[in-house]
2 protein chains.
Amino acid sequence: MSASGHAMRTVITTLRVLETVAELQPVGVSAIARATGTPKSSVHRCLVTLREAGWLTSSRSDRTQWVLTGRALSVGIHASVELGLREAALSTMQELRDETHETIHLISYDGDRDLVVVDRLDSDEPVRTWVRLGVRVPMHASCSGRAILARLPDAEVERLLSGELERFSETTPADRDAVMEDLRTVRARGYATNDRAWRPGVGAVGAALTGPQGRPLGAIAVSAPIQRYDADRARELGLLAVDAARRIGANL
Amino acid sequence: MSASGHAMRTVITTLRVLETVAELQPVGVSAIARATGTPKSSVHRCLVTLREAGWLTSSRSDRTQWVLTGRALSVGIHASVELGLREAALSTMQELRDETHETIHLISYDGDRDLVVVDRLDSDEPVRTWVRLGVRVPMHASCSGRAILARLPDAEVERLLSGELERFSETTPADRDAVMEDLRTVRARGYATNDRAWRPGVGAVGAALTGPQGRPLGAIAVSAPIQRYDADRARELGLLAVDAARRIGANL
DNA sequence: GTACGTGTTCCGCCTTGCGGAACACTCCAC
DNA sequence: GTGGAGTGTTCCGCAAGGCGGAACACGTAC
């Protein structure tokens with residue numbers, strides 16, 4: 001697709017291996033080879049290289065398992081510091097959790113393509129939703145994604161929604177038109193909703209966090225098991241999320 | 001030094017470029033070339049490759065500047081989740097901050113080599129200390145480092161202190177012997193101290209966070225401007241840090 | 001105008017990564 | 001036991017592909 005074919009193949013595949021380790025760690029050579037579709041010997045070379053670079057360690061025992069080191073952590077945190085989201089959001093997230101008793105997620109949008117869950121405060125209910133920190137969130141299927149899209153100029157929305165839109169369930173927006181229609185609703189009421197559109201059994205509402213120039217830098221989301229989620233609850237949670245987003249935005 | 005010379009040169013240099021971007025971002029080609037001692041054309045190729053891999057974006061203006069994307073964030077966060085430190089430490093860190101009114105740092109030790117500041121709660125005083133999240137901390141010169149060393153078996157200490165020990169100031173431990181002597185004190189009283197040994201004008205105390213098997217997974221540190229730091233205050237803060245570390249350890 | 005400072009492109013030499021295949025090993029079923 | 005299906009690791013010859021000096025295009029400072 002994209003222009004520059006001048007990229008180094010070695011590096012690209014090694015980075016893909018690194019990302020796979022991040023997802024599956026602790027993990028062995030064969031599993032990575034399967035997940036990436038790369039020959040085992042090549043994967044092995046990548047792993048050894050990453051260890052020499054200090055990004056991975058091979059954890060002992062009979063079967064060699066690979067895990068990330070603090071180096072990956074260090075580089076990653078520098079990416080988030082630039083935004084300063086976490087610090088700005090922390091106290092408001094706690095208030096929101098106390099008001100709703102549901103799990104609160106903080107999502108970062110890097111202005112380009114990636115949507116990442118950077119922080120989470122857990123619900124105190126016995127039944128609660130769960131995602132791993134660091135997971136990448138789909139733009140079209142999550143309420144955070146659509147809350148952010150609703151604040152972006154049309155050209156950028158167009159670009160972000162190009163390519164295939166993966167369907168996770170019955171309620172995932174089927175195509176670009178469905179998303180665009182939803183965005184009108186989101187713009188009107190200030191928050192986006194998500195009724196099991198991404199992960200099964202999970203409903204959620206999200207509101208965009210905007211910086212000084214009105215540009216979205218991320219989103220805050222409240223997610224609940226579907227048993228505690230219906231139209232009325234969505235409105236209640238949505239209004240709280242919008243208010244929380246406003247307070248957080250004031251700190252950016 | 002180390003064994004495997006089978007590592008891929010390309011990848012190693014590209015990762016070094018990536019780390020440099022993390023430190024200096026936003027940053028241009030020439031600055032990176034200077035910092036890493038790599039020819040400009042090679043650095044440029046690395047950057048293009050990293051962009052294609054989705055780890056960097058080139059922010060367009062007159063001068064091309066490079067910054068990390070959320071992909072780096074995502075991978076980095078997965079590294080920290082494995083430890084689960086942040087979640088375990090959050091509430092206790094807040095208590096400790098309220099007790100001391102100084103800046104609290106959470107440091108992660110990945111069991112190998114890297115010591116990274118993963119979280120921070122700021123002091124409410126007008127004069128306060130400051131470090132960037134994600135920065136790598138020296139083992140011998142920081143109180144967190146020495147608090148952790150004090151809990152490690154001799155062989156591992158030996159390995160970690162091999163190589164040159166950088167001197168940051170008059171009070172930085174000069175050599176391995178000086179560190180080893182300090183470790184005895186640390187073991188005796190439970191916390192480590194740091195009187196301007198790493199960063200100028202900053203005093204600090206630190207206590208190790210240990211997992212179920214007693215292995216250190218990180219440290220918690222209280223750092224204060226030297227005006228509010230002397231022997232008495234160090235003891236007071238040290239005891240509070242030790243107690244906080246115990247409470248956090250109970251959650252691991 | 002001269003002198004540096006950026007970032008970007010080109011191209012021929014020859015290093016270096018490629019990956020199938022063979023290896024050593026552990027576990028499990030029969 | 002013996003075979004088979006898993007692991008992770010090593011080898012090696014071929015040629016793909018990365019290297020980096022040099023030249024380029026631009027902007028700013030004096």
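Labels below follow one simple rule: chain letters A, B, ... track the order of the sequence lines, proteins then strands, and each chain is numbered from 1.
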With a 4.5 Å heavy-atom cut-off, do A/S162 and A/E158 have their side chains touching?
no

With respect to the side chain of B/V29, which nucleotide from C/dT8, D/dG21, C/dC18 is positioned closest?
C/dT8

Given atom CG of B/L47 and atom C1' of C/dT6, what is their separation to the nearest angstrom?
14 Å

Ion pair B/R71/A/D110, N-O distance below 4.0 Å
no

Tell me whether the OP1 or OP2 atom of C/dG17 has a side-chain N or O from B/T10 closer than 4.0 Å.
yes

Taking atom P of D/dT9 as reference, at what distance in whole Å does atom CD of A/Q65 sit?
10 Å

Quick check for you: among C/dG17, D/dC19, C/dG20, whose closest atom lies nearest to any side-chain atom of B/M8?
C/dG17

Are any of A/S42's side-chain N or O atoms less than 4.0 Å away from OP1 or OP2 of C/dG19?
yes

Would you say the side-chain atoms of A/E19 and B/W55 include a donor-acceptor pair closer than 3.5 Å?
yes

Would you indicate, yes or no, if C/dC14 has its OP1 or OP2 atom less than 4.0 angstrom from a side-chain nitrogen or oxygen of B/R9?
no

Interatomic distance where CD1 belongs to A/I32 and C1' belongs to D/dT7 [whole Å]
13 Å

I need the single residue from B/V17, B/V43, B/T64 that forms a side-chain contact (heavy atoms from CB on, under 4.5 Å) with B/V29. Which is it?
B/V43

Side-chain N or O of A/T64 less than 4.0 angstrom from OP1 or OP2 on D/dG8?
no

Atom pair distance, as rounded to whole Å: CZ in B/R63 and C1' in C/dT8
13 Å

Rounded to the nearest Å, what distance is computed from the CZ atom of residue B/R34 to the C1' atom of nucleotide D/dG20?
18 Å

Closest to the A/S41 side chain: D/dT10, D/dT7, D/dG20?
D/dT10

Please determine, for the side chain of A/K40, which listed nucleotide (C/dG7, D/dG8, D/dC19) has the closest atom?
D/dG8

Given that B/T13 and A/H44 both sit by DNA chain D, which one's nearest nucleotide is further toward the 5' end?
A/H44

Side-chain donor/acceptor contact of B/R45 with base of D/dG20 under 3.5 Å:
yes

On a heavy-atom basis, which atom in B/A147 and which in B/A208 lie closest, and how many Å separate them?
O-CB, 3.6 Å

